[in-house]
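Working notes, structure below.
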Amino acid sequence: MVDVTTSLTFSDTVSGKAEGDVLVVTLNNPPVNAASAELRQGLWRALDHARSDNAVSAVVITGAGKSFVAGADIKEFGKPQVDPTLPAVVEKIEASEKPVIAAINGVALGGGCEIALAAHARIAHSKAKLGFPEVKLGIVPGAGGTQRLPRLVGCLEAVEMIGTGKPVNAEKAFGIGLIGAIAKGDLLSDALALAQSLKGKPVLRTSERIAPRSDQATVQNTIAKITLKAKGQMAPGEAMRLAASASTLSFTQGLSDERETFLRLRDSDQAKALRHVFFAERDAAKVDGLEHVEPLPLNKIGVCGLGLMGAGIATALLSAGYELIGYERDEPAAEAGKARILDILGKNLKSGRIDQADFERQAANLATTAKLRELAPCDLVIEAVFDDMTIKTELFQKLDLVIRSDAILATNTSYLDPDALAAETAHPERVIGLHFFSPANIMRLVEVVRCAQATPQAVATGFALAKKLGKLPIVTGVCEGFIGNSIFSAYRREAEFLLEDGALPQEIDAAMEDYGMAMGPFAVFDLAGLEIAWARRKREAPTRDPEARYVDIADRLCEAGRLGQKSGRGWYSYEAGKRTVDSAVTEMIAQSRAAKGITPRAIASEEIVKRLIGAMADEGKTLLDKAIAARASDIDLVMINGYGFPAYRGGPMFAASR
Ligand code: TC6
């Protein structure tokens, strides 16, 4: 019998404690227990100790803090391999003759889930989450996950989990057989009891199980659906192929296929780009000047303007649990706004995103009014009215008098100067920009605009709010269009130069869609409508540099009433909603070129992509030089999350740097 007080140190991150004849191994590698070389070495030693110490009858592996193990240490990818590898550790766990129990205290992701799968039994805390997010990093599981998971839960569930990268909660994990139990009381006590019940019995190895049967047609349908959604990405298809093969290949064959695929994808450009995105998102949370600033507490939030954008913002706020007062210019508009918000909530209920209780709670938190003074109790007011300086200034001046002096005022403007707007108020220090993207209840990006006079606390409050909404906030300085629309304008300009030089809209769109953009630029212009950019060009005309290259083809289109999808015609024609090449547009382009004496040339798709990415990156460089963007990776995140740039290309700055 081991002395109950014995404590052991296997490495700086792995310790052991004897609980009677059960060795409890605790992994403690903050902040998330990544399976670093240090942790793997410690775990290896712990397993050696358990094997050689006759006083140990069983092993419980658990994590300290909120994670069991959050997967391989992503920082080690791209560096020389350090032994023992994770597959070797996982094999050693499964090979143990003494039962090993995974006591899953929090997230078990990727390699963390693989450690759990190799254990002979799994018990989890009710709040634990298990999953395989590898595809989001452009790789496949590499320590047996694609082969052990289907042997536990069947190919269908495995394909879904591994192909989408979405984690499951403890309840679902139990339901599909991924874990054997959810702790009813203290996790460790329950795990120790489980260890006692297993000791001395032959261990049950996951690799020796036969995968529960899944209907093959359903498996193939699921693979097809996920593949379609993951267009352009290599990892999901490979991961699902491996998981599905568990029903036909031996464990050893499947494992060697998995290893070869893992190593190949780990060094791929897509994986490098997605790792860049992973760390970019963590870096974006570190904002200069806000490190020690406490955001203001927010309970009641006002939204002015309940059109498409305002209603989307309102819905996002309600979903996050805020009390909301929506303002519109008159009662009928306020009622229509309320109906619009309730309609979105109703759709969320229908699609299962929220349940009936959520719906009722959110609806009860919603009030609308046509009286501005009713916004007085708000801690923050976001305006999402028509993007016109006079309208917004007047609204802000009135709000400034109505709300508390410590409440924040945020503008959702896309192009106007928020500093000018702030200067029109008595308290410019509380004015920030919160630039949401439509539909605001769905889109993840929020540009948090650091206005010249805004206090750090006002900016920190906007940032914290966006996080609470589950969004990705990126701080930007003030310039026309902030980060996203500045880059998009450069993209638009270069696309029009390409047009004049010889490429057609459909060729440019095809090149960018093949590259992975959700839509090509001309299809996007048509979707957004051409009139706003046209109005801006007309406004700017008097001050435009006559020497600067200016392409007037979009003006000709607008003059001909071709204002985009809404008018049925723009850069394309839309017959029954279907994008169709229109010879009239081809003719207009030819005429514009001829008028300027340009002889068109054939432009290969490689050149199209290179020039468009280059234009975005050049503009990005300007934004960095002017300190509008804090880092190149922030620009990448804006373009990926707001403008359909493929994450697996890493964003325009990353792509151009390669
Ligand atoms: C794999 O397992 C493959 C195995 C096969 C091998 C053969 N590694 O997200 P947070 C850092 S692939 C290194 O803000 P949260 C992160 O950079 C891997 N570092 O926290 C940040 O550092 P900073 C599969 C990691 O509480 C800090 O931890 N696993 C890792 O909001 C806090 O991160 C995944 O893909 C890591 N694996 O969310 C899981 N994970 O403070 C990725 C995090 O210096 N991780 N860091 O900036 C996550 O999804 C989340 O971090 C979380 C915690 C849910 C674990």
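All residue numbers in this chain count up from 1 along the given sequence. When a ligand or atom number is given, it counts from 1 through the structure's own listing order.
- Closest to atom 5 (C) of ligand 1 among all protein heavy atoms lies G142 N, 3.7 Å.
- Identified under the ring pair (Phe, Tyr, Trp, His ring centres under 6.0 Å) test for residues 634-658, with sequence neighbours left out: H276-F654, F437-Y643, F488-Y643, Y515-F645.
- Inspection of the S11 and Q41 side chains reveals no N or O donor paired with an N or O acceptor under 3.5 Å.
- Only the side chain of L137 comes within 4.0 Å of ligand 1, judged by heavy-atom distances.
- Nearest to atom 25 (C) of ligand 1 among the protein's heavy atoms is V32 CG2, 4.0 Å.
- For atom 31 (O) of ligand 1, the nearest protein heavy atom lies 4.0 Å away or farther.
- Distance remark: protein heavy atom present below 4.0 angstrom from atom 19 (N) of ligand 1.
- Counting heavy atoms of neighbouring residues, nucleotides and ligands inside a 6.0 Å radius, atom NZ of K129 does not exceed 12 of them.
- Protein heavy atom in closest approach to atom 7 (C) of ligand 1: F262 CZ, 3.6 Å.
- The backbone and the side chain of D73 each have at least one atom closer than 4.0 Å to an atom of ligand 1 (non-hydrogen atoms only).
- L109 CD1, 4.1 Å is the protein heavy atom nearest to atom 54 (C) of ligand 1.
- For atom 23 (P) of ligand 1, the nearest non-hydrogen atom from the set K136, K286, R282 belongs to K286.
- With respect to atom 8 (N) of ligand 1, the closest heavy atom belonging to the protein is I74 N, 2.9 Å.
- No hydrogens or angles considered: a donor-acceptor pair under 3.5 Å links the side chains of E94 and S207.
- With atom 36 (C) of ligand 1 as the reference point, the heavy atom nearest to it among A72, A271, G111 is part of A72.
- For atom 27 (C) of ligand 1, the closest non-hydrogen atom of the protein is P31 CG, 3.5 Å.
- Of all the heavy atoms of E76, none lies under 4.0 Å from any atom of ligand 1, so neither backbone nor side chain is involved.
- Remark: K92 NZ is packed, more than 12 non-hydrogen atoms of other residues, nucleotides or ligands lying under 6.0 Å away.
- Judged by a 6.0 Å distance limit and a 45° cone about the ring axis, R264 is not positioned over the six-membered ring of F262.
- One finds no salt bridge joining D48 and R45 here, because no Lys/Arg side-chain nitrogen approaches an Asp/Glu carboxylate oxygen to under 4.0 Å.
- Contacts between A70 and ligand 1 below 4.0 angstrom, taking non-hydrogen atoms only, involve backbone and side chain alike.
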**side chain to side chain contact (heavy atoms under 4.5 Å, CB included) between L242 and D257, worked out** = CA-CA 7 Å; L242 290 163; D257 191 0; 3.5 Å; yes

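- With 3.5 Å as the limit, one finds no donor-acceptor pair spanning the side chains of E258 and T261.
- Atom 52 (C) of ligand 1 is not flagged as protein-proximal [any protein heavy atom, distance under 4.0 Å].
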